[in-house]
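One structure below.
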Amino acid sequence: MFGRGSSDLGIDLGTCNTIIYIRGKGIVVDEPSVVAVEKGTNRVMAVGTDAKKMLWKTPGSIHAIRPLRGGVIANLEATEKMIRYFISKVMPRYKFIKPRMVIGIPSNITEVERRAVEECAYKAGAREVVVIEESLAAAIGADIPINEPAGHMVVDIGGGTTEISVISLGDMVVTNAIRVAGDDFDEAIIKFVRSELNLIIGGGVSERLKIEIGNAAPDKNIEKVEIKGTDAGNGLPRRLEIDSEQIREALKEPIARIIDEIKNILGKTPPELAADIVERGIVMTGGGSLLKGLPKLVSKETGVPVILAEQPMNCVAQGAGKYFEFSKGFNNTRSVYDSLN
């Protein structure tokens, strides 16, 4: 069923979505990181897309949870069940194949959190597990020539974390991850709508607003949508119209924090590598980078060109899936270099 190398899996174990890449097949899973379990028995009722439909709408007997928070595992058992489900879905014979897994993780997680990821993957059926920083995986997935002796900056905005790294010669020179990302965009919209419009909305509505009319930079075209929620005053259902200018105002604070960290990393970058970045530009990856106007705003605030990667949401999973091939080539390059010195 699967050709050579097809048992190598690249996994972006994201706070919002889990994306799995199989060498030779491409992206085979892209589903929400949500698990619905039966209370009392912990029996899995649904995973992924089906489970997300149950978020905020389950009866008392069923609990729909997101087992990852801020880019790290918050519920080990649920995460293991989720990974096992996704792998069995795309590799029904995985019990006989035992895949190698490369998993992208934030650079700022603790050693305990890193071990939790490895333990979870082994319990889910892996024969070998490698964890790499998300920005390094994203750079590989975006086809950035990071093996060169030149500076490349990658900004990966996921659901739980934003990781900003300067990479040269296949490794990170300066890096940091902050727990401000797509989830914080959603939360900022919820808070704004409640405080400014006196309406209580849920995560599903805020996510829709972010995707449909969310923007980071001023736009001549002001878009409007109707939303429904609960009146914060009388507790009754209410609908109202909200526009893209209001959403931009809501998103100002989390976006400013991300841009401040990009500037901070640029300030810590050695001058020679900074010059390369000015020439080559900043590459943005991750679902959060798809926010309308965000690359333009980052470029304006930093004075550096910004390139949005092709298929930015898939970069981490693609890079993780190509890791073994990449590391082999890089080791060969280093061997030649070492022999000359």
Side-chain angles (χ1 to χ4, degrees), residues 1-36 44-54 66-68 71 73 78-106 117-118 120-144 156-160 182 285-290 309-328:
M1 180 179 292
F2 298 93
R4 177 181 295 181
S6 64
S7 59
D8 290 346
L9 304 183
I11 301 178
D12 179 3
L13 198 59
T15 303
C16 292
N17 280 60
T18 294
I19 303 174
I20 299 179
Y21 172 95
I22 295 182
R23 283 182 58 194
K25 287 190 168 290
I27 300 295
V28 292
V29 168
D30 182 358
E31 295 197 36
S33 300
V34 182
V35 180
V44 175
M45 306 297 292
V47 176
T49 302
D50 292 337
K52 186 176 182 179
K53 295 175 183 176
M54 300 180 183
R66 294 172 63 179
L68 295 111
I73 294 174
T79 303
E80 176 201 334
K81 289 177 179 178
M82 182 178 71
I83 295 175
R84 187 182 294 275
Y85 169 82
F86 286 141
I87 294 173
S88 64
K89 185 175 179 180
V90 298
M91 295 181 68
R93 294 169 55 191
Y94 84 98
K95 289 184 178 180
F96 306 101
I97 299 175
K98 292 294 182 185
R100 298 192 297 182
M101 298 184 195
V102 181
I103 303 175
I105 58 170
V117 173
E118 293 174 345
C120 185
Y122 279 119
K123 285 185 175 180
R127 80 171 187 268
E128 181 181 348
V129 178
V130 176
V131 292
I132 64 172
E133 287 79 4
E134 286 177 343
S135 54
L136 186 60
I140 298 170
D143 292 325
I144 298 173
D156 181 65
I157 306 177
T285 65
S289 65
L290 290 169
E310 187 177 350
Q311 296 182 321
M313 288 186 67
N314 296 339
C315 287
V316 171
Q318 289 173 336
K322 297 174 182 177
Y323 174 76
F324 287 113
E325 181 181 351
F326 163 82
S327 60
K328 181 180 178 181

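FYI, side chains are in, hydrogens and waters are out, and symmetry mates aren't considered; it's all heavy atoms of this structure.
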Inset, instruction - Can you measure from CD1 (I73) to CG (L68) and round to the nearest 0.5 angstrom? - result: 6.0 Å
Inset, instruction - Not counting sequence neighbours, which residues clear salt bridge (Lys or Arg N to Asp or Glu O under 4.0 Å) with D143? List them please. - result: K322
Legend entry - Qualifying residues under side-chain hydrogen bond (donor to acceptor under 3.5 Å, both in side chains), relative to T79, sequence neighbours excluded: none
Inset, instruction - Only one of V29, I103, I87 passes side chain to side chain contact (heavy atoms under 4.5 Å, CB included) with L9; say which it is. - result: I87
Inset, instruction - Applying side chain to side chain contact (heavy atoms under 4.5 Å, CB included) between I132 and each of V316, V102, I105, report the one that passes. - result: V102
Inset, instruction - Drop me the distance from M313's CE to D12's CG, to the nearest 0.5 angstrom. - result: 8.5 Å
Inset, instruction - Just jot down the side-chain hydrogen bond (donor to acceptor under 3.5 Å, both in side chains) partners of S289, sequence neighbours excluded, or say none. - result: none
Legend entry - Inter-residue atom distance D30.CG - N17.CG, 0.5 Å rounding: 5.0 Å
Legend entry - Pairwise distance CD(Q311) to OG1(T285) - rounded to 0.5 angstrom: 12.5 Å
Inset, instruction - Please report the closest heavy-atom contact between A121 and V129, naming both atoms and the distance. - result: CB-CG2, 3.6 Å
Inset, instruction - Report the distance from atom OG1 of T15 to atom CZ of R66, rounding to the nearest 0.5 Å. - result: 7.0 Å
Legend entry - Shortest non-hydrogen contact between E134 and G104, atoms and distance: CG-C, 3.6 Å
Inset, instruction - Heavy atoms only: give me the nearest Y85-S88 pair and the separation to one decimal. - result: O-OG, 2.8 Å
Inset, instruction - Report yes if the side chains of F86 and V47 come closer than 4.5 Å at any heavy-atom pair, otherwise no. - result: yes
Legend entry - Partners passing side chain to side chain contact (heavy atoms under 4.5 Å, CB included) against A139 (at least two apart in sequence or in another chain): I144, I146, V154, I167
Inset, instruction - Assess whether side chain to side chain contact (heavy atoms under 4.5 Å, CB included) is satisfied between V130 and Y323, documenting all intermediate values. - result: CA-CA 9 Å; V130 176; Y323 174 76; 3.8 Å; yes
Legend entry - Heavy-atom closest pair, residues A36 and M54: CB-SD, 3.5 Å
Inset, instruction - Not counting sequence neighbours, which residues clear side-chain hydrogen bond (donor to acceptor under 3.5 Å, both in side chains) with S135? List them please. - result: E163, S165
Legend entry - Spacing of F324 atom CZ and E128 atom CD [to the nearest 0.5 Å]: 4.5 Å
Legend entry - Residues that E310 engages under side chain to side chain contact (heavy atoms under 4.5 Å, CB included), provided they are two or more places apart: none
Inset, instruction - Identify the two heavy atoms, one from Q318 and one from G141, that lie closest to each other, and give their separation to 0.1 Å. - result: OE1-O, 3.6 Å
Inset, instruction - With side chain to side chain contact (heavy atoms under 4.5 Å, CB included) as the test, would you mind laying out the steps for T18 and I83 before giving the verdict? - result: CA-CA 9 Å; T18 294; I83 295 175; 5.8 Å; no
Inset, instruction - Taking all non-hydrogen atoms of both residues into account, name the closest pair between A309 and A142 and its distance. - result: CB-CB, 4.2 Å
Legend entry - D156 vs C315, side chain to side chain contact (heavy atoms under 4.5 Å, CB included): CA-CA, chis, key distance, verdict: CA-CA 9 Å; D156 181 65; C315 287; 5.7 Å; no
